[in-house]
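Since the structure is predicted, the reported quantities are computational estimates derived from the model, not experimental observations.
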Amino acid sequence: MTPFVLPHTLLGEGPHHVVAVHGWFADRDAYAAVRPDLDLSSFTYAFVDLRGYGEAMGTPGAYTTGEGAADVLALAERLGWDRFSLIGHSMGGSVVQRVAAKAPHRVRRLVGVSPVPASGLPMPPDQWGLFADAADRPANRRAIIDITTGSVRPAAWLDRMVRRSLRRSDPKAFRAWLDSWAVEDFHADVEGSTVPALAVVGALDPALGAPLTRDTWLRWYARGELTELPAAGHYAMDETPLQLIRTVEDFLRADG
């Protein structure tokens, strides 16, 4: 049987290889707003679709961050990338931390954009209900996006983000992914990691902002760093794409 290969878009011809993993609400098009302005002479980017999203919507799986990490490593093997950096947004931040835990010797640099901590994200019952029912209720998806961007974004943008999410994710997989990224605790696997690790968070995000990141990411990564974008919420790729690009690529270039 031919092994599963994550659907992906390759951009760039640079020697520094980077795998970018999307979050819970979207496929690889979550990075669409940043793609036109990336440094494609320094970097080669692989933007992937996790199982249940985009071109992988029909792909069966366990829909867990551990499985996602294994899929990312399999793609790196297919591409012939011995060493590479990682970018992960939100849920994708959990996936890339799993990769760094499994194969730290292969990871040059790690970037989490509003990353879910390796300890998961415990929620009170009412909040859990909002998230758990979001698979089948577009209004819940809209409410989550609105809350996590400070309730200051235009209604049309919120509607567009929901349409993209519905179009590019399978509801059953979407619901299953929640049980992994929100519940599973693997922080013991990353605690003390010496992989250079940058967390980029938005000041308008009340859920995965600077306070939580200081108590998790910065405690567990010996070479951890934190940058807060003052004008962004949870979706910096859409809200402040140019600032995000500059922050992330400056960090990746520091590898030398």
Side-chain angles (χ1 to χ4, degrees), residues 3-35 37-56 59 61 63-116 118 168 177 180-181 186 189-190 193 195-200 217 221 236-237 241 244-245 247-255:
F4 173 68
V5 177
L6 290 174
H8 58 281
T9 297
L10 285 175
L11 286 180
E13 299 178 351
H16 190 147
H17 301 142
V18 184
V19 181
V21 183
H22 60 81
W24 191 41
F25 270 75
D27 63 346
R28 58 185 147 170
D29 280 347
Y31 293 95
V34 304
R35 288 178 192 166
D37 300 303
L38 296 171
D39 179 357
L40 301 183
S41 61
S42 298
F43 304 100
T44 300
Y45 289 91
F47 298 93
V48 305
D49 285 339
L50 295 172
R51 296 177 191 237
Y53 291 87
E55 292 182 22
T59 303
Y63 310 118
T64 64
T65 57
E67 179 183 70
D71 287 341
V72 168
L73 285 168
L75 176 62
E77 290 291 334
R78 171 66 69 92
L79 295 173
W81 291 2
D82 293 330
R83 297 195 73 225
F84 48 87
S85 292
L86 295 159
I87 301 171
H89 173 244
S90 193
M91 175 182 81
S94 183
V95 172
V96 297
Q97 289 180 80
R98 289 274 200 185
V99 177
K102 288 174 178 285
H105 59 289
R106 300 188 62 183
V107 179
R108 294 175 65 164
R109 297 210 148 212
L110 174 67
V111 178
V113 181
S114 299
V116 172
R168 305 298 289 173
W177 274 104
S180 180
W181 67 257
F186 62 95
D189 296 334
V190 304
S193 172
V195 173
L198 171 67
V200 184
W217 188 282
Y221 289 97
M237 293 91 69
L244 179 65
I245 291 169
T247 299
V248 171
E249 291 194 333
D250 282 355
F251 174 76
L252 295 179
R253 286 192 191 93
D255 183 66

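Between L110 and A100 the shortest heavy-atom distance is CD2-CB, 4.3 Å. Between Y53 and D27, the shortest heavy-atom distance links the atoms CB-CB, 4.0 Å. A pairwise comparison of heavy atoms in S42 and P15 identifies O-CD, 3.4 Å as the closest pair. When all heavy atoms are compared, the tightest approach of L244 to M237 is CD2-CG, 3.6 Å. Across all their heavy atoms, P241 and V34 have their closest contact at CB-CG1, 3.8 Å. A pairwise comparison of heavy atoms in W217 and A197 identifies NE1-O, 3.2 Å as the closest pair.
Applying the salt bridge (charged side-chain N to carboxylate O under 4.0 Å, His left out) test to residues at least two apart or on different chains, none of the pairs has a partner in residues 11-25. The list of salt bridge (charged side-chain N to carboxylate O under 4.0 Å, His left out) pairs with a residue in residues 80-92, not counting sequence neighbours, is empty.
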Show every donor-acceptor pair shorter than 3.5 Å between a side-chain atom in residues 89-98 and any protein atom, with sequence neighbours excluded, or say none if there are none.
from, atom 1, to, atom 2, distance (Å)
H89, NE2, H234, O, 2.7
S90, OG, H234, NE2, 2.9
Q97, OE1, Y221, OH, 3.0
Q97, NE2, G93, O, 3.1
Q97, NE2, V116, O, 3.0
R98, NE, T65, OG1, 3.0
R98, NH2, E184, OE1, 2.8

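Interatomic distance, T44 OG1 to D39 CG, rounded to the nearest 0.5 Å: 10.0 Å. To the nearest 0.5 Å, atoms CZ (R51) and OG1 (T64) are separated by 9.0 Å. Here the CG-OH distance, from L38 to Y45, works out to 4.5 Å after rounding to the nearest 0.5 Å.
Salt-bridge formation is not detected for the pair R78/D71: no Lys NZ or Arg NE/NH1/NH2 atom is positioned less than 4.0 Å from an Asp or Glu carboxylate oxygen.
Checked by atom type and distance alone, the side chain of D49 pairs as donor or acceptor with a backbone atom of E55 at under 3.5 Å.
Considering only heavy atoms from C-beta on, V21 stays 4.5 Å or farther from L86 through its side chain. Annotation: side chain of W177 is in contact with side chain of L50 (closest heavy-atom distance under 4.5 Å). F84 places a side-chain heavy atom less than 4.5 Å from the side chain of V99.
In this structure D250 satisfies the side chain to side chain contact (heavy atoms under 4.5 Å, CB included) test together with R246, R253, sequence neighbours excluded. Partners of A20 by side chain to side chain contact (heavy atoms under 4.5 Å, CB included), not counting sequence neighbours, listed by chain and number: Y31, F47, I87. Under the side chain to side chain donor-acceptor pair (under 3.5 Å) criterion, Y63 pairs with no residue at all, not counting sequence neighbours. Under the side chain to side chain donor-acceptor pair (under 3.5 Å) criterion, T9 pairs with R28, not counting sequence neighbours. Applying the ring-ring contact (aromatic ring centres under 6.0 Å, His included) criterion to W24, with sequence neighbours excluded, gives F131, F174, W181. A search for side chain to side chain contact (heavy atoms under 4.5 Å, CB included) contacts involving A103 returns L73, H105, R106, not counting sequence neighbours. Residues forming a side chain to side chain contact (heavy atoms under 4.5 Å, CB included) with L79 (at least two apart in sequence, or on another chain): H8, L10, A46, L75, W81. Residues passing the side chain to side chain donor-acceptor pair (under 3.5 Å) test with S85, sequence neighbours excluded: H16. Judged as a side chain to side chain donor-acceptor pair (under 3.5 Å), and not counting sequence neighbours, R109 has no contacts.
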